[in-house]
Amino acid sequence: MIRIKNQEEIEILRENALLVSRTLAEVGKHIAPGVVTMELDKIAETFIRDNGAQPGFLGYGGFPYSLCLSVNDVVVHGFPSDYRLKEGDIISVDCGTLYKGYYGDSAYTFPVGEVSPEVSQLLKVTKESLYRGIEKAVAGNRIGDIGYAIQSYTEGFGYSVVREMVGHGIGRDMHEHPEVPNYGKPGCGKKLIPGMTICIEPMINLGARQIYLHDNGWAVSTIDKAPSAHYELTVAITKEKADVLSTFKFIEEK
Ligand code: MG
Ligand code: MG
């Protein structure tokens, strides 16, 4: 069942979305060569709690941290650890909040210092594919229109789209219906209607699309060890263009 939100609920989701957005910016300020990823998790947890919310991921389905931190070939759900970031790495920071009974969920892949031109383009194209997906997130369109926009754009650069993990509805649960795949066919899938709130989150690999699950039961990496990028924003569907609840502006205005 797809839960349609009223404007009051959308405003609470916006509060969550903006807190997640500001948390990502706070974490981003500390990303640099030499930083241990566990420190980033502490920064996020403190920032979220200082703002009167709870980390949305901590304990969710048994997940043991406040952030998913996925370095290089890790696609998503990486654990914060004693790994020390180094120049040329990329790190996807996926963050959730729980506030007033609703969830926030957003992700951004940061370069660590200077990255190769090849990797820099992967980040740029993946983020652009998210915006292209958002452009299609309009009432009357279908879920497949979003996926098609993301897939056709990224595959045009020779990249591949992860299939096993997808975007999702969001509300009182972090993961609600419908699923929002980053691939698809125009005109196919569930119809978008006003009041739907969805997270769009392309996970795009530089190499092959195949992935494997780590022994910890969470982290997922590319089979070929090539890097993977991940960006996520939450939107509310309206009759006109999507109401984008979260934002990367706090990260990028520095
Ligand atoms: Mg997320
Ligand atoms: Mg998500």
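We count ligands from 1, going down the list as the structure has it; atoms in each ligand are counted the same way. FYI, the numbering just counts along the sequence from 1.
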Self-check item: Geometry at the Mg ion (ligand 1) - Asp105 OD1 versus Glu232 OE1 angle, rounded to 10 degrees
Solution: 90°

Quiz item: Can an N, O or S atom be found in His175 less than 2.8 Å away from the Mg ion (ligand 2)?
Solution: no

Quiz item: Would you find more than 12 non-hydrogen atoms of other residues, nucleotides or ligands less than 6.0 Å from Phe57 atom CZ?
Solution: yes

Quiz item: From the Mg ion (ligand 1) out to just under 2.8 Å, does an N/O/S atom of Glu201 turn up?
Solution: no

Quiz prompt | Distance-only side-chain donor-acceptor flag, Asn205 / Ser228, under 3.5 Å | solution = yes

Quiz item: Which atom, counting only N, O or S, brings Asp94 closest to the Mg ion (ligand 1)?
Solution: OD1

Quiz prompt | Charged tip of Arg22 within 45° of Phe47 ring normal and under 6.0 Å | solution = no

Practice problem: Answer yes if the ring centres of Phe110 and Tyr108 are under 6.0 angstrom apart, and no otherwise. | Solution: yes

